[in-house]
Amino acid sequence: MSTPTQSKSLKTIGEDTWKNKTEKVNAELFTLTYGAIVSQLCADYDRDFQKVNNHLFSMGYNIGVRLIEDFLARTALPRCENMVKTSEMISKCAFKIFLNMTPQVTNWSTEKDAFSLMLEENPLSDFVELPVDAMKQLWYSNVLCGVLKGALEMVQLDCDVWFISDILKGDSQTELRIKLNKVLKDEVPIGED
């Protein structure tokens, strides 16, 4: 487990990076632009929400594999030794730096290889009301799952990332789940030794 001092320093790093090293974008513009993308995907896929979810996840994955480089360059933090430290890094640093929010880490598995992030606020879903036909299948913020999957994979953590619940669907809270499948090995591509 981490000490309160280590947790505080991660929180401080996240806040300092947000204040001093992050170029700000108007939150409403960001939210409305994302909403327009989701709306267009729903139209493009003839309201096949599973395809929309997959596309949002894929978009997020592509963002995540690039965003991790920016995160590591800004913070210069060392590799996490376990999932507990990884969860704190995600919650207190990454979410703070890129979305100016700090989700709560909870619901640990007994093996400490899976946890949930409780999003008390979600800037992607401001001003959003899902249509009735989308309530059952559409995970509006599925791009976040893809971002986390892509970023974690780039630091050799093969994880599954998915939404458990979403306030937009009428749930009492928004919960995102992360489960470690395996730690990937650093390998040199064939022919590049």
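- Looking at residues two or more places apart in sequence or on another chain, you find no side chain to side chain donor-acceptor pair (under 3.5 Å) involving Glu129.
- Remark: Lys169 engages no residue in a salt bridge (Lys or Arg N to Asp or Glu O under 4.0 Å) (not counting sequence neighbours).
- Under the rule for a side-chain contact (heavy atoms from CB on, under 4.5 Å), the partners of Ile167 that lie at least two apart in sequence or sit in another chain are Thr174.
- A salt bridge between Arg66 and Asp70 is absent, with no side-chain N of the basic residue lying under 4.0 Å from a carboxylate O of the acidic one.
- Lys149 contributes a side-chain N or O that, together with a main-chain N or O of Cys159, makes up a donor-acceptor pair within less than 3.5 Å.
- The salt bridge (Lys or Arg N to Asp or Glu O under 4.0 Å) test applied to Glu81 returns Lys85, not counting sequence neighbours.
- Residue pairs satisfying the side-chain hydrogen bond (donor to acceptor under 3.5 Å, both in side chains) criterion with at least one member in residues 115-125, sequence neighbours excluded, are listed as follows: Ser116-Glu175, Ser116-Arg177, Asn122-Ser141.
- With sequence neighbours excluded, the residues that form a side-chain contact (heavy atoms from CB on, under 4.5 Å) with Gln50 are Asp48, Asn53, Asn54.
- The other members of the hydrophobic cluster of Trp162, by chain and number, are Ile164 (side-chain heavy atoms under 4.5 Å, ILVMFWY only).
- In this structure, Met118 shares a hydrophobic cluster with no other residue, the cluster being traced through Ile, Leu, Val, Met, Phe, Trp and Tyr side chains under 4.5 angstrom apart.
- With sequence neighbours excluded, no residue forms a salt bridge (Lys or Arg N to Asp or Glu O under 4.0 Å) with Asp44.
- Annotation: side-chain contact (heavy atoms from CB on, under 4.5 Å) contacts of Thr86 (sequence neighbours excluded): Cys80, Met83, Ile90, Leu152, Leu157.
- Counting only distance, with no hydrogens or angles, the side chain of Ser165 and the backbone of Gln173 share a donor-acceptor pair below 3.5 Å.
- Among residues at least two apart or in separate chains, ring-ring contact (aromatic ring centres under 6.0 Å, His included) pairs with a member in residues 136-156 are Tyr34-Tyr140, Trp139-Phe163.
- With sequence neighbours excluded, the residues satisfying side-chain contact (heavy atoms from CB on, under 4.5 Å) with Arg79 are Gln156, Asp186.
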